[in-house]
A.B. asks: 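I have a structure here, written as structure tokens, and I will follow up with some questions on it.
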Amino acid sequence: MSTKTTSAQTVAFRLTSMLRRLNEGKRLEPEALAEEFSVSLRTIQRDLNEKLAFLELENNDGYFTVKPARLGLLSMNDMERFAELAGLDGLHPRLSTELLQDLLNTKLQNALLVRGPNYEDLSGLELQFSQLKEAIAKRCTVGFRYRKADGAKNVYDVQPYQLVNHDGIWYLAAMDAGQLKAYTFTKIDGLLLNHDDRFEPDPSVVQKLEQEDSIWLNFVKTEVVLKINKDVASYFERRKLIGGQKIVKALEDGGLIVSGQIAHPNQIWPTVRAWLPHVRIISPEHLQVELEQQLRGYLDAH
């Protein structure tokens, strides 16, 4: 486990613990918290004034509390959801406060989805982010200019379903001309909401987004099978490192045969490269062949 991941988990534990106590009506004293969690007083003050700002805390004689009218409003599911989001260091404070309020609002939970511990800075894009949330909530179509590598493209009558943060990058999951697509949020310009053109969400699309564990929003999946060396087998046993991961077979030498579902080769190649030489693609064979060609090309060029 990386130091970065461990740090994010420590922050999540501290903030979630503080949130639980506040929700139960307890008073928080910054100095005592700093000692309890072995962090600086400045860190605790930042937690209370920025990361927990969405609670609109009251400060009475140095003790922080939740307003009486808001006590007990957060459920256990809300607590668990907050734990997933507690490392929002990369978001602009104004946006993270608003975002957390929305993410803990059950009416908007289907509009926003966050996966992964790191987040890109969206400073200056708060208005556009809020407009997309509004379009999703009100189920109105949108249009925008989308910047691609080969030039900008105008997109019209898109049905926005969800804003997804995958591995730190925000995407808009939307239906465009009957096809489910993922648009990188920061590449969207000139957003226009069409309040006169409403749509009814397709249940199959909603289900698809609930089940999807990647940003490759493709209804057609390909099964990929990996052979995992015994030296790294335990990592694949503890965590799902590829989409739809399943352990097919435990090998006599301690290795594993693992399967998963992908919509694009780029979903599997980075994982295999990261675990070389301990992981090999055994099906489809052409993916392993193409990967080896990429590696030879890299070595030849360097």
A.B. asks: Take L172 and F144 through the side-chain contact (heavy atoms from CB on, under 4.5 Å) test and state the conclusion after the steps.
C.D. replies: CA-CA 12 Å; L172 170 66; F144 50 82; 4.1 Å; yes

A.B. asks: Give, for atom CH2 of W275 and atom CG of L241, the distance between the pair rounded to the nearest 0.5 Å.
C.D. replies: 6.0 Å

A.B. asks: Looking at OG of S259 and CD of Q245, how far apart are the two atoms once the value is rounded to the nearest 0.5 Å?
C.D. replies: 8.0 Å

A.B. asks: Measure from the ring center of Y183 to the ring center of Y171 and say whether it is less than 6.0 Å.
C.D. replies: no

A.B. asks: A cation-pi test, strictly: NZ or CZ of R139 under 6.0 Å from the centre of the six-membered ring of F199 and no more than 45 degrees from its axis. Yes or no?
C.D. replies: no

A.B. asks: Are any non-hydrogen side-chain atoms of L22 and L28 less than 4.5 angstrom apart?
C.D. replies: yes

A.B. asks: Work out which heavy atom in C140 is nearest to a heavy atom in P160; give both atom names and the distance.
C.D. replies: O-CD, 3.4 Å

A.B. asks: Which pairs count as salt bridge (Lys or Arg N to Asp or Glu O under 4.0 Å) when at least one residue sits in residues 35-49, sequence neighbours excluded?
C.D. replies: R14-D47, R21-E36

A.B. asks: Does any part of the side chain of E134, heavy atoms only, come nearer than 4.5 Å to the side chain of L193, both counted from C-beta?
C.D. replies: yes

A.B. asks: Answer yes or no for R238 and F236: cation-pi contact, defined as NZ/CZ to six-membered ring centre under 6.0 Å and angle to ring axis within 45°.
C.D. replies: no

A.B. asks: Would you indicate whether the side-chain heavy atoms of F64 and N49 approach each other to under 4.5 Å?
C.D. replies: yes

A.B. asks: Tell me whether the count of non-hydrogen atoms from other residues, nucleotides or ligands lying under 6.0 Å of CD in E31 goes above 12.
C.D. replies: yes

A.B. asks: Would you name the heavy atoms of A233 and G255 that are closest together and state the gap between them?
C.D. replies: CB-CA, 4.4 Å

A.B. asks: Quick check: closest heavy atoms across E237 and L256, and the distance to 0.1 Å?
C.D. replies: CG-CD1, 3.6 Å

A.B. asks: Which value, rounded to the nearest 0.5 Å, describes the distance between L295 atom CG and R273 atom CZ?
C.D. replies: 7.0 Å

A.B. asks: Between I268 and L226, is a side-chain contact (heavy atoms from CB on, under 4.5 Å) present by the stated rule, with each step listed?
C.D. replies: CA-CA 10 Å; I268 193 64; L226 306 179; 3.9 Å; yes

A.B. asks: So, taking the atom named CG in L132 and the one named CG in L191, what distance separates them when rounded to the nearest 0.5 Å?
C.D. replies: 5.0 Å

A.B. asks: Taking ring pair (Phe, Tyr, Trp, His ring centres under 6.0 Å) as the definition, give me every residue that meets it alongside W269, ordered by chain and number, with sequence neighbours left out.
C.D. replies: none

A.B. asks: Mind checking the NZ-CZ spacing from K153 to R147? Nearest 0.5 Å is all I need.
C.D. replies: 15.0 Å

A.B. asks: Any idea which heavy atoms bring I136 and Y161 closest together, and the distance?
C.D. replies: CG2-O, 3.4 Å

A.B. asks: Quick one: pull up CG in D202 and NZ in K208 and give me the separation to the nearest 0.5 Å.
C.D. replies: 13.0 Å

A.B. asks: Which pair of heavy atoms, one from L48 and one from P30, lies closest together, and at what distance?
C.D. replies: CD1-CG, 4.0 Å

A.B. asks: Does a side-chain N-to-carboxylate-O contact under 4.0 Å join K230 and D253?
C.D. replies: no

A.B. asks: If every non-hydrogen atom of V279 is compared with every non-hydrogen atom of V272, which pair is closest and at what distance?
C.D. replies: O-CG1, 3.7 Å

A.B. asks: Hey, is CG on D150 packed in by over 12 heavy atoms from elsewhere, all under 6.0 Å?
C.D. replies: yes

A.B. asks: With a 4.0 Å cut-off on N to O distance, would you call E292 and R280 a salt bridge?
C.D. replies: yes

A.B. asks: Is there any ring-ring contact (aromatic ring centres under 6.0 Å, His included) pair reaching into residues 27-52, and which pairs are they, with sequence neighbours excluded?
C.D. replies: none

